[in-house]
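When a residue number appears, it is its place in the shown sequence, counting from 1. Here the structure is a predicted model, which means the values were calculated and not measured.
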Amino acid sequence: MHVRELTADDLDAAWELGRFAFGSGPRQPASTTAEVPGLTRYGAFDEAGRLVGKAVDLHHDQWWSGRAVSAADVAGVAVAPEARGRGVARAMLTALLRGARDRGAAVSALYPTVAAPYRACGWETAGVLRTVDLATAALPRHRPDPTFAVRAGTAADLPAVDALYEQVTRHRNGLLTRRGELFDFYAADGALPGDGLTLVEKGGDLVGYAIWKRGRGYGADSVLTVDEALAVTAEAARELVGVLASWASVAPTLRLCPLDGDAVSTCLPLESAREHERDLWMHRPVDVARAVSARGWRAHVRGFVDFSLTDPLAGWNTGTWRLAVADGAAELVRLDGEADLRLDVRGFALLYTGAAGARSVAQAGLLHAAGVAPDALDLLGAGGPAQVLDYF
């Protein structure tokens, strides 16, 4: 088996492989035949030169406590049925991680169709992207505040929308920055991302927005899908939710992905939400030293801990490290010998994303403590839990 980056000559075969894996329609989209900036496509070829596997490294950045961390987010992994179970995916992901490290990536996320193969390669479950349905009539009605202006947005408003998204998300963990060549490429046509864009402004400044798709019909099964609804103040959120509530007569169901604890979610009757969809996402470090030094850290957190790490795919991560955190920054320094705390790379992912504490990671068999309490490794998860809003 041979793994390499795909060229333009390979794209038809890659699309055909993905069509069978994901059940796509027979018509090939133009975007699959074009060179797209901001991503790297990998392929695995058998001895006859036939493409038997593919994977894509999306050159994203993720927000981690106020700092953008370079990511290799993985998408489009597919293996020909005749080649499954023969190590094709593992070989591709090994090459992808190596290439991602070479270009400066620090972390990686993906949405698995099945988790086990990715666990075997060092990714671990870190959270769920939830899509929920709410009865539109149950949304709190709000008398419009005349100090706010509510209007339909246009493509000219998208830079302000991007700036508000960044204001809401940059101090959280795991969310995409939506910067870079890949996002610029898909935004180049200047089209609105949905059917409509509702803006809430105060004093000429954008303070809230909702991107939505109207759907079909106006009967009992009609759904208004809100791709995103964010606000920077509680008052702006109430204005925005009031606009969404006004759809009750023609769209009885409101569908959206809530962002935990943000201004809009705290206005929604989430206790009555019905789960529509759950998309599991997984995380792993590409380069542990880079993942630690590149992210933001809470200014009040201080301490150090020594641990040994095992990473079967990314050997550059394997070894003994000292994590030192102080004054809003951290670093990993290599040490000689073995430490009392021995961590699997999947355990590193759980701690880094705040998905689990050290004792839970130990109970899962991903952290072994030689006669010492494992709690010191909670330092690695001091930034709080991660969340995602983008599906890729």
Side-chain angles (χ1 to χ4, degrees), residues 15 18-32 75-76 111 113 128-142 144 150-158 161-162 164-165 176 178 183 185-200 206 208-231 236-259 262 264-265 267-281 388-392:
W15 177 82
R19 182 171 79 87
F20 288 122
F22 304 116
S24 307
R27 180 170 298 178
Q28 185 173 2
S31 60
T32 64
Y111 287 94
T113 53
V128 173
L129 174 60
R130 294 186 305 134
T131 305
V132 302
D133 287 348
L134 291 165
T136 314
L139 300 182
R141 302 306 291 255
H142 177 70
V150 180
R151 65 177 178 88
T154 68
D157 297 302
L158 292 179
V161 168
D162 291 340
L164 189 144
Y165 167 84
L176 299 191
R178 298 183 184 167
F183 284 98
F185 175 80
Y186 286 111
D189 60 4
L192 289 177
D195 293 335
L197 171 63
T198 297
L199 305 181
V200 178
L206 183 66
Y209 70 87
I211 300 169
W212 46 268
K213 295 186 181 74
R214 172 62 183 88
R216 297 177 63 85
Y218 54 90
D221 59 349
S222 181
V223 177
L224 180 73
T225 299
V226 178
D227 291 330
E228 201 160 273
L230 297 176
R238 285 194 287 271
E239 290 291 321
L240 198 59
V241 172
V243 175
L244 298 177
S246 73
W247 285 91
S249 62
V250 292
T253 298
L254 180 77
R255 182 168 293 158
L256 81 165
C257 296
L259 181 61
D262 80 312
V264 172
S265 290
C267 293
L268 298 175
L270 292 175
E271 71 282 357
S272 63
R274 304 182 307 277
E275 194 164 273
H276 172 71
E277 199 168 35
R278 289 170 58 87
D279 292 300
L280 189 76
W281 60 275
V388 296
L389 273 181
D390 293 89
Y391 185 85
F392 44 83

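Side-chain contact check for Leu256 versus Leu134: some heavy-atom pair is nearer than 4.5 Å. Between Leu230 and Tyr165 the shortest side-chain heavy-atom distance falls below 4.5 Å. Annotation: side chain of Asp157 is not in contact with side chain of Leu206 (no heavy-atom distance under 4.5 Å). Counting heavy atoms from C-beta outward, Leu139 and Leu268 have side chains that approach closer than 4.5 Å. Using a 4.5 Å heavy-atom threshold, the side chains of Asp195 and Trp212 count as touching.
From Arg238, atom CZ reaches atom NE2 of His142 across 6.5 Å, with rounding to the nearest 0.5 Å. One distance of note links OG1 of Thr225 with CD1 of Ile211; it measures 13.0 Å at 0.5 Å rounding. Interatomic distance, Asp279 CG to Arg130 CZ, rounded to the nearest 0.5 Å: 12.0 Å. Between the CG atom of Leu176 and the CG atom of Leu389 there is a distance of 8.5 Å, given to the nearest 0.5 Å.
When all heavy atoms are compared, the tightest approach of Glu239 to Val150 is OE1-CG2, 4.1 Å. Here the shortest heavy-atom pairing between Leu158 and Ala191 reads CD1-O, 3.8 Å. Across all non-hydrogen atoms, the minimal contact from Trp281 to Leu129 is CD1-N, 3.9 Å. When every heavy atom of Val132 is checked against every heavy atom of Ala273, the shortest pair comes out as CB-CB, 4.0 Å. Of all non-hydrogen atoms in Leu259 and Asp262, the two that sit nearest each other are O-OD1, 2.6 Å. Here the closest non-hydrogen pair linking Val128 and Leu280 is CG2-CD1, 4.0 Å.
Taking the six-membered ring where the residue is Trp, Tyr111 and Phe392 present perpendicular rings, their angle passing 60° and hence far from 30°.
Without hydrogens or angle criteria, Ser222 side chain to Val250 main chain gives a donor-acceptor distance under 3.5 Å. Distance alone, capped at 3.5 Å, is enough to place a donor-acceptor pair between the Thr136 side chain and the Pro252 backbone. For Ser246 (side chain) and Val243 (main-chain N/O), a donor-acceptor pair under 3.5 Å exists by modelled atom type.
Sequence neighbours left out, the pairs with a member in residues 218-229 that pass salt bridge (Lys or Arg N to Asp or Glu O under 4.0 Å) are Arg178-Glu228, Lys213-Asp227.
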**Message:** Quick one, Phe183 with Asp162, criterion side-chain contact (heavy atoms from CB on, under 4.5 Å). Give me CA distance, side-chain angles, the key distance, then yes/no.
**Reply:** CA-CA 11 Å; Phe183 284 98; Asp162 291 340; over 6 Å; no

